[in-house]
Amino acid sequence: MINEKMYALGSTRSKIRELFEYGKELSKKIGAENVFDYTLGNPSVPCPEKVTKTIISEVQNPSIHGYTSAQGDLGARKAICDYNFNRYGFSLSPDLTYLTCGAAAGLAITLRALISSPSDKVLTFAPFFPEYKVFTENAGGSLIYAKCDESTFDIDFNAFELAINPDVQAVIINSPNNPSGTVYSEDSIVKLSKILSAKQTEYGHAIYLICDEPYREILFDGAVCPFIPKYYDNTVVCYSYSKALSIPGERIGYVSVSKKAENAQKLYLAIAGAGRSLGYVCAPSLFQKVIEKCVDSVSDSTVYKDNRDLLVSNLTRLGFTCVNPKGAFYVFMKSPVPSANEFCDVCKTYGLLVVPSDSFGIDGYVRLATCVSTDLIKRSIPTLEKIAKLYNL
Ligand code: PLP
């Protein structure tokens, strides 16, 4: 018999994908120049030249295409740990680092390793990346969330303390955040760590903090993204090169369990076991080599900041409301009417495609990706103006 849960996942597209496909159809009808697609988080800047050159030279190496060990080649794991040590002064261990097909695979296997009973819960902060729910449920647990403070999209610690309970095995934190662009401050991380430590004592079990960090390199206005293993021992880092190197289709990232974490070795082996049980085999070997050689490279994200400035200043001028994002490449704007879905449908009739916030765990907002061309933003401004007038902003 076909598994109904998997069928439901495969047959219903995410809202983002649905809108993206709609945009392609609409472009055929009204011309691509009249469609302003702000839906997808696909990096628009080129990958660093060093990365391109390394791919070209390494692809010619006949031995590059073989399987690597399941956790990834030691050279790449060492390079990752050395890099993080030099940058953050905190040493991760190559023996607790596991290369993955991006952060998505890293999160999926980490959750699988941490959830062992249907009553297990994973807590995150809304708004959040919608796939957390899919990965958590596939691992056999359920996702709960605490809403952020909507004036800043920083953690609302009262809401967090109300939401956490003895069934919570892990907390997922995503900074810089998709979709809000918030970068959690050092104060917030310290406070979160203190609450989690107290709750561990109270509940008598570990609560692991999973740091989902694909946007760690995309920061604006001097924002600093604290390296969370320095603040909280039971940390698992899920990193990805998708956005940092503009290579999301190549599928490369890693999971690293802090060596200070409780049962670090057992957790690491459970993560490896989860990868094995899902048939992941190993991360792409060519890109493991690319990471080993280009671990300190990063794409130039200046254009994301310029796009943010252009979009936020125009949205604000037109009467829309949004918190100025300090990282990642999204603007999270308040819908002028309570139903973000209704607002998105109206925007669609103008060829403007934005993502409603309900799948991010919060109502009444829309997400606009700023990893589009600056030209698209400029061309969309008269349309945004028409929509603002429609709502009397
Ligand atoms: N986490 C967040 C917050 C994301 O926005 C994304 C992708 O957009 C991912 C994880 C997955 O990224 P990848 O699997 O490409 O590393």
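Only heavy atoms go into these numbers, but all of them, side chains included; no hydrogens, no water, no symmetry mates. Atoms within each ligand, like the ligands themselves, are counted from 1 in listed order.
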By number and element, which atoms of ligand 1 are closer than 4.0 Å to a non-hydrogen atom of [X]?
X      : answer
Gly102 : 14 (O), 16 (O)
Ser242 : 13 (P), 15 (O), 16 (O)
Ser240 : 13 (P), 16 (O)
Pro214 : 1 (N), 2 (C), 10 (C)

Side-chain donor-acceptor pair under 3.5 Å between [X] and [Y], yes or no?
X      : Y      : result
Thr316 : Ser313 : no
Asp37  : Thr39  : yes
Glu186 : Tyr231 : yes
Gln288 : Asp73  : no
Ser185 : Asp187 : no

Can you check which of [options] brings a heavy atom nearest to [atom]?
atom                    : options                        : value
atom 7 (C) of ligand 1  : Glu131, Arg251, Glu250, Lys243 : Lys243
atom 10 (C) of ligand 1 : Phe129, Tyr330, Phe329         : Phe129
atom 1 (N) of ligand 1  : Asp212, Asn178, Ile247         : Asp212

message: side-chain hydrogen bond (donor to acceptor under 3.5 Å, both in side chains) for Lys133 and Ser359? Distances and angles first, verdict last.
response: CA-CA 10 Å; Lys133 188 167 162 22; Ser359 60; over 6 Å; no
Check whether any N or O atom of [X], backbone or side chain, sits under 3.5 Å from an N or O atom of ligand 1, and answer yes or no.
X      : answer
Ala103 : yes
Tyr215 : yes
Asn174 : no

message: I'd like to know if Lys147 pairs up with Asp156 as an ion pair, taking the criterion as any Lys NZ or Arg NE/NH1/NH2 lying under 4.0 Å from an Asp or Glu carboxylate oxygen.
response: no
- prompt: Does ligand 1 have a heavy atom under 4.0 Å from the side chain of Ala104, from its backbone, from both, or from neither?
  reply: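 Near ligand 1, Ala104 shows its backbone as well as its side chain.
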- request: Look at the aromatic rings of Phe129 and Tyr132 and report parallel, tilted or perpendicular, splitting at 30° and 60°.
  value: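 Judged by the thresholds at 30° and 60°, the geometry between Phe129 and Tyr132 is perpendicular.
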